[in-house]
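Take a look at the structure set out below.
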Amino acid sequence: MSPEPTAYVIGEALTDIVDGPEGIHEHPGGSPMNVAIGLARLDIPVVLHTRFGRDERGAAINRHLEASSVAVTAGSRDAGDTATARATLDRDGAASYRFEITGALTEPEIPADVRLVHTGSIAAYLEPGADLIEAALGAVRPRALVSFDPNMRPLIIPEHQSVVERTERLAALADIVKLSDEDAEWLYPGLALPAVLDRLASRGGAGLVAVTRGAEGCLILAGGELYTLPAPRVSVVDTIGAGDSFMAAMLAAVLEVGADEAVRAGTLDSPTLTRIGETALRAAAITVSRAGANPPRRAEL
């Protein structure tokens, strides 16, 4: 574990088994792990609290993390099997998933001096780890920025109403919330995206709430102002990890410009917010232009 991490990420690491036109390929994945990789590649020192096995897939995940200088906590690796997500690609490169989740996270022990704690996706909703994560966020929020990405996986998470309740409790603990338009539609069917952003911001006053819209870019609500930002135009290979790259780059940009307190207070100015959003969109565009969850390094941005 890094002695002085800037960011601490909590959540699943797994193997993406991608079934596409060119056959079946495996890549390390999992939304929180992808965010940790994305932060590290943008020069943000990061520790990941996760769970993966000591099997061959776990070894591949470990190499993947080491290659991007992501440290893992001592309890992250155990003797069980590594979880998997089978992604089937359609003709446009969009992925649908089937999961095999094994094991559970241990209680996170967050260092006292981190600036950012991030979580989301499967680990934030499945027991027994979900309650541990919620408690950890509540404890850390007075001293660090908290970010949350629901990254919904309806096939394996609990029934709808309990997920909405969990989402809103976690949003109430977060300073930064990001979700996709598909997440928003599943959580709040028929509710317009600006209303979804407003609802999540009102849970606890998150200073920055964003929804990604694929090729249409994103909407960001900050300080009561709604911003619409377009996405760069690229040729899509697949969409795996695009939202995670967006999340990581958005967080890295917030940290780099020293906007921690402005986010907390809801006082981000328009130029800073635009810079943060455009950085996130560029990162996502790079990721969809190549196979797998492969976020960009700083030089690529």
Side-chain angles (χ1 to χ4, degrees), residues 1-2 4-14 29-51 65 68-73 76 105 107-125 129-130 132-153 166-167 169-180 183 200 204 206-212 241-256 259-260 263-264 276 279-280 283-284 287 293 295:
M1 193 170 139
S2 170
E4 296 182 357
T6 300
Y8 188 98
V9 178
I10 309 169
E12 69 271 9
L14 48 77
S31 175
M33 187 189 77
N34 292 341
V35 172
I37 293 281
L39 285 166
R41 291 186 179 183
L42 296 176
D43 301 332
I44 304 296
V46 60
V47 168
L48 174 65
H49 182 66
T50 189
R51 185 265 161 206
L65 291 166
S68 292
S69 300
V70 175
V72 295
T73 60
S76 289
L105 298 185
E107 184 172 1
E109 298 181 5
I110 302 172
D113 56 353
V114 296
R115 287 174 62 189
L116 169 74
V117 177
H118 172 78
T119 193
S121 199
I122 297 168
Y125 293 97
L132 296 176
I133 290 173
E134 191 171 334
L137 297 189
V140 80
R141 192 183 187 194
R143 59 183 171 87
L145 278 177
V146 172
S147 65
F148 169 55
D149 178 0
N151 198 11
M152 308 306 307
R153 301 303 184 198
R166 173 82 70 178
T167 299
R169 291 200 306 272
L170 292 173
L173 296 171
D175 302 291
I176 301 170
V177 179
K178 172 260 167 192
L179 71 167
S180 70
D183 296 334
L200 293 175
L208 195 164
V209 185
V211 60
T212 56
D244 302 326
S245 291
F246 180 100
M247 181 91 251
M250 182 168 67
L251 297 175
V254 168
L255 295 174
E256 286 167 1
D260 311 40
V263 168
R264 283 181 175 277
I276 291 168
T279 299
T287 300

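FYI, side chains are in, hydrogens and waters are out, and symmetry mates aren't considered; it's all heavy atoms of this structure. Residue numbers run from 1 in the order of the sequence given.
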Looking only at heavy atoms, what is the nearest atom pair of [X] and [Y], with distance?
X	Y	result
Val177	Ala206	CG2-CB, 4.3 Å
Ala136	Pro108	CB-CG, 3.7 Å
Val114	Ile110	CG2-CG2, 3.7 Å
Pro45	Asp43	CD-O, 3.5 Å
Ala40	Val46	CB-CG1, 3.7 Å
Ser180	Thr212	CA-OG1, 3.4 Å

How long is the straight-line distance from [atom2] of [Y] back to [atom1] of [X], given to the nearest 0.5 Å?
X	Y	atom1	atom2	result
Arg143	Asp113	CZ	CG	8.5 Å
His118	Leu116	NE2	CG	8.0 Å
Asn151	Ile122	CG	CD1	8.0 Å

Test your reading of the model: is there a side-chain donor-acceptor pair from [X] to the backbone of [Y], 3.5 Å cut-off?
X	Y	answer
Thr50	Gly11	yes
Arg166	Tyr125	no
Arg141	Val146	no
Arg264	Ala144	yes
Asp175	Gly207	no
Arg41	Pro295	yes
Arg115	Leu145	no
Thr119	Ile10	yes

A side-chain contact here means heavy atoms from C-beta on lying under 4.5 Å apart; do [X] and [Y] qualify?
X	Y	value
Leu42	Thr279	no
Leu48	Met33	yes
Thr167	Leu200	yes

Apply the test side-chain contact (heavy atoms from CB on, under 4.5 Å) to residues Leu105 and Ile133: give CA-CA distance (whole Å), side-chain angles for both, the deciding distance (0.1 Å), then the verdict.
CA-CA 9 Å; Leu105 298 185; Ile133 290 173; 4.0 Å; yes

Distance-only donor-acceptor pairs under 3.5 Å for side chains of residues 242-251, two or more places apart:
| unit_1 | atom_1 | unit_2 | atom_2 | d |
| --- | --- | --- | --- | --- |
| Asp244 | OD1 | Ser31 | OG | 2.6 |
| Asp244 | OD2 | Asn34 | ND2 | 2.9 |
| Ser245 | OG | Gly241 | O | 3.3 |
| Ser245 | OG | Thr287 | OG1 | 2.6 |

Checking side-chain polar atoms at under 3.5 Å, does Ser121 have a donor or acceptor matched by the opposite partner on Glu12?
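Side-chain D/A pair, Ser121 to Glu12: present.
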
Quick one: side-chain hydrogen bond (donor to acceptor under 3.5 Å, both in side chains) partners of Thr6, sequence neighbours excluded?
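Expected list: none.
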
Check the orientation of His49 and Tyr8. Use parallel for under 30°, tilted for 30 to 60°, and perpendicular for over 60°.
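Ring orientation, 0 to 90° scale: parallel.
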
